[in-house]
Amino acid sequence: MTQSVVVQVGQCGNQIGCCFWDLALREHAAVNQKGIYDEAISSFFRNVDTRVVGDGSSISKGKICSLKARAVLIDMEEGVVNEILQGPLRDVFDSKQLITDISGSGNNWAVGHKVFGSRYQEQIVEKLRKAAEHCDCLQCFFIIHSMGGGTGSGLGTFLLKVLEDEFPEVYRFVTSIYPSSEDDVITSPYNIILAMKELSEHADCVLPIDNQSLFDIISKINLMVNSGKLGSVVKPNSLVTSSAGALKKRQEKPFDAMNNIVANLLLNLTSSARFEGSLNMDLNEISMNLVPFPQLHYLVSSLTPLYTLADVHIPPRRLDQMFSDAFSKDHQLIRADPKHSLYLACALMVRGNVQLSDLRRNIERLKPSLQFVSWNQEGWKTSLCAVPPVGHSHSLLALANNTCVKPTFIELRERFMRLYKKKAHLHHYLRVEGMEESCFTQALSSLSTLIEEYDQLDATKSMPMPDVPRLSIAV
Amino acid sequence: MNLVQKEVEKCDSLSGFFIIMSMAGGTGSGLGAFVTQSLQDQYSNSLRMNQIIWPYGTGEVIVQNYNSILTLSHLYRSSDALLVHENDAAHKICAKLMNIKQISFSDINQVLAHQLGSVFQPTYSTEGSFHYRRNPLGDLMESLVPHPEFKMLGVRNIPQMSESSLAYSTFTWTGLLKHLRQMLISNAKMEEGIDWQVQPHFSGHPTLGKMSLNKELHFNTSIANLVILRGKDVHSADLGGFKDPALYTSWLDPVNAFSVWKTQRAFCKYEKSAALVSNSQFLVKPLDMIVGKAWSMFASKAYIHQYTKFGVEEEDFLDSFTLLEQVIASYCNL
């Protein structure tokens, strides 16, 4: 089995990362009752004997001594990382995996990318090499960051170029958090557009996530939990937002529920690569099947169910509902409606007690209401993992490469233009060594090209399927 | 190849290799084709039969059509026969004939294992003898693959039902063989929904023999057929229906095109059962569908960068398309 390394950058990235590691431990604890260090755990954790002085030599078999996360934590402010190191997860990380600074990036992409990028490049490469050396077979880097700030956005995307150069064979999966429109960072449009150019060029797969969508999902769940309808008691640890059973027993902070959703996304994404099942899907298969053209690698994700009712008997109708929900616009993690846009490809990753026939039946049921691009009418990639997530008997993660991301990108471009036309706040960026106006214009044109590619695909939506003449054979 | 060598050394008399693989994925299809090629290089005197799993038509892997055409074209050059098992057909058999409500992969694999067992379990070498056939693989190849352009074989079984229904059914060879013959000529994948309207034409209508794909393929013309009978009173079975020249192409006499293997020993729990291995137009439509979809995807250049990254160029795709279009045309013109 292969290993993955998580790189969390910036405040948002580190907070989500923290939730992820917490939930990962919880998930493995639930599955691995005997405490034996096995291949599933080794995909994200090292087994280390901390009594041995030194680097803590890795133990590959036998009982778990001490688990260390395969992670690199990067932040240019100390607050968040310090809190992690003092919290209940402090033993999961060690100080050699951190890169921190004091002053922060000031919400400035240029500072994060150019200033801190060049200052910390060597250290970053060294820590990554270390993490990679501890892996038998490193398959994938997961980068978690936000787009709106300075560190996550700037340094996070600088990191992508470094990874591409140093580890060209290893996949780069990026989870990017986009701010909601009530975001308090005024310069976030600049940061976002500048970061997007890097994502388009250097990432293998991007999972964009919108804070607003996460917030809406939380509200929906709260409504459900608090409505007190008869017979609709929700199992507490089944909430996709809950950390029940996790190590953190402290007061839940406001962003925790939202971060847990993202953490669950990452766990489900990697479940088939970690646990057994009748139809496995490895991480390289995600990139292969869902990315028809190199630039179009933005995948819209949706997680169902959001909660499980305490009702033990689950009729098949409930199962079918799970599949239908995955395509509804309320369950998407960005504000988009894939059902009414064009699908380039779709992956369904099922966990738990679901049979092949259920999967095929639902694909056949839902297919007529979805529009797929003409050359990929049967664009489904499926996987079945036998191990369900904690608290559920089954779950579904849908990843769609769909033109519904276009309106989001267009809106981002508009927000950018509103500031850029007035040259507002521009001097903060141009003041940084290495930044010029051309950086902005290039980033803008990269985004425009991307939007245009989606446009062209959308244009084929209403056209009848083109009849491509086949090769004719002389008989 | 070292592992293969070890196994080969343990054999007294190696007739050949079964390579079991799927077409849709990466390892089975790609590595499978590579292994077949290596076996051809190293053991050129042995036979190679590939058991191929044909993916679901509604899609289980997005690039399954690309992987399928690349695999099939490579196998056509290095394999001796391709025995095809379709996921869709096996799934329907589970649903309709075996009455399984929640079908899993082990159910489907059970159906496929049954298909293989019904063909390759031992049978007697000649009528009335008590010696088992020494080289079933060789005999099968000899009877079914007379020409290297035509390598695609399909399997049909009769009867096929759940154990609970078995207790209430009785069979006669006449009944079983009549259904099996109709399954052959109407291209039915299983013993249900057989189209009895389809009948062989008589030699007075030569134009009906050649079909273009635009017309619906009604009558399934065979190159060669092999029927395997297992069970009670196997000697009384009348196979005249399979020797009708109207079922076959003109360039082979039924006496050469049709073979039968028999054994008194029942298979699984069926008192009487028959299997048909056929080199016929069974697979023209599925093959044409896959090639069509792959071509349409190729025309838009989707996913090609994923393949060129690892050394498969557009040229290789075009070669595959050409080879398979040729195969489709050859089978259509039977």
Side-chain angles (χ1 to χ4, degrees), chain A residues 168-169 204 277-282 284-296 316 319 343-348 353-361 363-364 367 372-384 386 401 457 460 465-475, chain B residues 24-27 55-67 87-88 91 94-95 100-109 210 213 288-307 309-310 318 320-330 332-333:
Chain A
E169 312 263 305
D204 284 313
S278 59
L279 190 56
N280 293 327
M281 177 148 115
D282 216 348
N284 52 3
E285 295 178 40
I286 296 179
S287 160
M288 169 60 161
N289 281 287
L290 294 173
V291 184
F293 302 103
Q295 294 261 318
L296 303 182
L319 193 63
Y343 274 90
L344 300 178
C346 185
L348 294 175
N353 189 12
V354 180
Q355 294 301 338
L356 174 67
S357 50
D358 298 317
L359 185 54
R360 305 264 23 124
R361 182 185 69 241
I363 289 180
E364 276 164 42
K367 172 72 175 59
F372 275 79
V373 74
S374 66
W375 41 259
N376 204 2
Q377 286 287 315
E378 290 80 30
W380 297 96
K381 169 70 179 156
T382 54
S383 86
L384 290 164
N401 193 339
L457 285 165
T460 65
M465 186 142 137
D467 216 10
V468 186
R470 296 260 293 269
L471 294 174
S472 46
I473 303 291
V475 174
Chain B
T27 307
Y56 281 102
T58 43
E60 44 184 281
V61 170
I62 292 176
V63 288
Q64 65 189 48
N65 299 318
Y66 278 167
N67 291 340
N87 264 353
D88 278 308
H91 193 110
C94 287
I100 303 175
K101 292 273 179 291
Q102 291 225 291
I103 302 169
S104 66
F105 273 118
S106 47
D107 298 314
I108 300 217
N109 293 342
K210 288 200 177 4
L213 270 161
D288 186 62
M289 280 242 294
I290 286 196
V291 172
K293 292 196 187 135
W295 184 248
S296 140
M297 199 184 263
F298 185 67
S300 69
K301 298 278 180 278
Y303 298 102
I304 300 292
H305 70 283
Q306 307 270 15
Y307 289 85
K309 203 160 55 166
F310 293 100
L318 284 170
S320 302
F321 280 115
T322 319
L323 192 151
L324 291 176
E325 293 280 12
Q326 179 74 57
V327 170
I328 295 175
S330 306
C332 270
N333 286 319

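Naming: A, B, ... by sequence-line order, numbering from 1 per chain.
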Novice: I'd like to know which of A345(A), A347(A), P294(A) tops the heavy-atom pair count under 4.5 Å against chain B.
Specialist: P294(A)
Novice: Find the one option among Q64(B), Q102(B), E325(B), H91(B) whose heavy-atom pairs under 4.5 Å with chain A are most numerous.
Specialist: E325(B)
Novice: L344(A) versus chain B, heavy atoms under 4.5 Å apart: side chain, backbone, both or neither?
Specialist: backbone
Novice: Among side-chain atoms of N67(B) and Y307(B), is any donor-acceptor pair under 3.5 angstrom?
Specialist: yes
Novice: Do you know which of Q355(A), E364(A), K367(A) has the most heavy-atom pairs with chain B at a distance under 4.5 angstrom?
Specialist: Q355(A)
Novice: Please flag which part of I100(B) lies under 4.5 Å from any non-hydrogen atom of chain A: side chain, backbone, both or neither.
Specialist: neither
Novice: Tell me the closest heavy-atom pair linking K309(B) and Q306(B), and the distance in Å.
Specialist: CB-O, 3.7 Å
Novice: Where does S106(B) contact chain A at under 4.5 Å (heavy atoms): side chain, backbone, both or neither?
Specialist: neither
Novice: Which heavy atom in S296(B) sits nearest to a heavy atom in S374(A), and how many Å separate them?
Specialist: OG-O, 4.2 Å
Novice: Just give me the residue among L296(A), L279(A), L348(A) that pairs up with chain B most often, heavy atom to heavy atom, under 4.5 Å.
Specialist: L279(A)
Novice: Mind ranking S357(A), S383(A), S278(A), P292(A) by heavy-atom pairs under 4.5 Å with chain B and telling me who comes out on top?
Specialist: P292(A)
Novice: Once you measure the plane-to-plane angle for F293(A) and W375(A), does it fall in the parallel (<30°), tilted (30-60°) or perpendicular (>60°) bin?
Specialist: perpendicular
Novice: Look at K293(B) together with E378(A) and state whether they make a salt bridge at an N to O cut-off of under 4.0 Å.
Specialist: yes
Novice: Heavy-atom pairs under 4.5 Å with chain B - which of R360(A), E285(A), K381(A) has more of them than the others?
Specialist: R360(A)
Novice: Is a donor on one side and an acceptor on the other found under 3.5 Å between the side chain of D107(B) and the backbone of S104(B)?
Specialist: yes
Novice: Once the angle between the rings of F321(B) and F298(B) is folded into 0 to 90°, is it parallel (under 30°), tilted (30 to 60°) or perpendicular (over 60°)?
Specialist: tilted
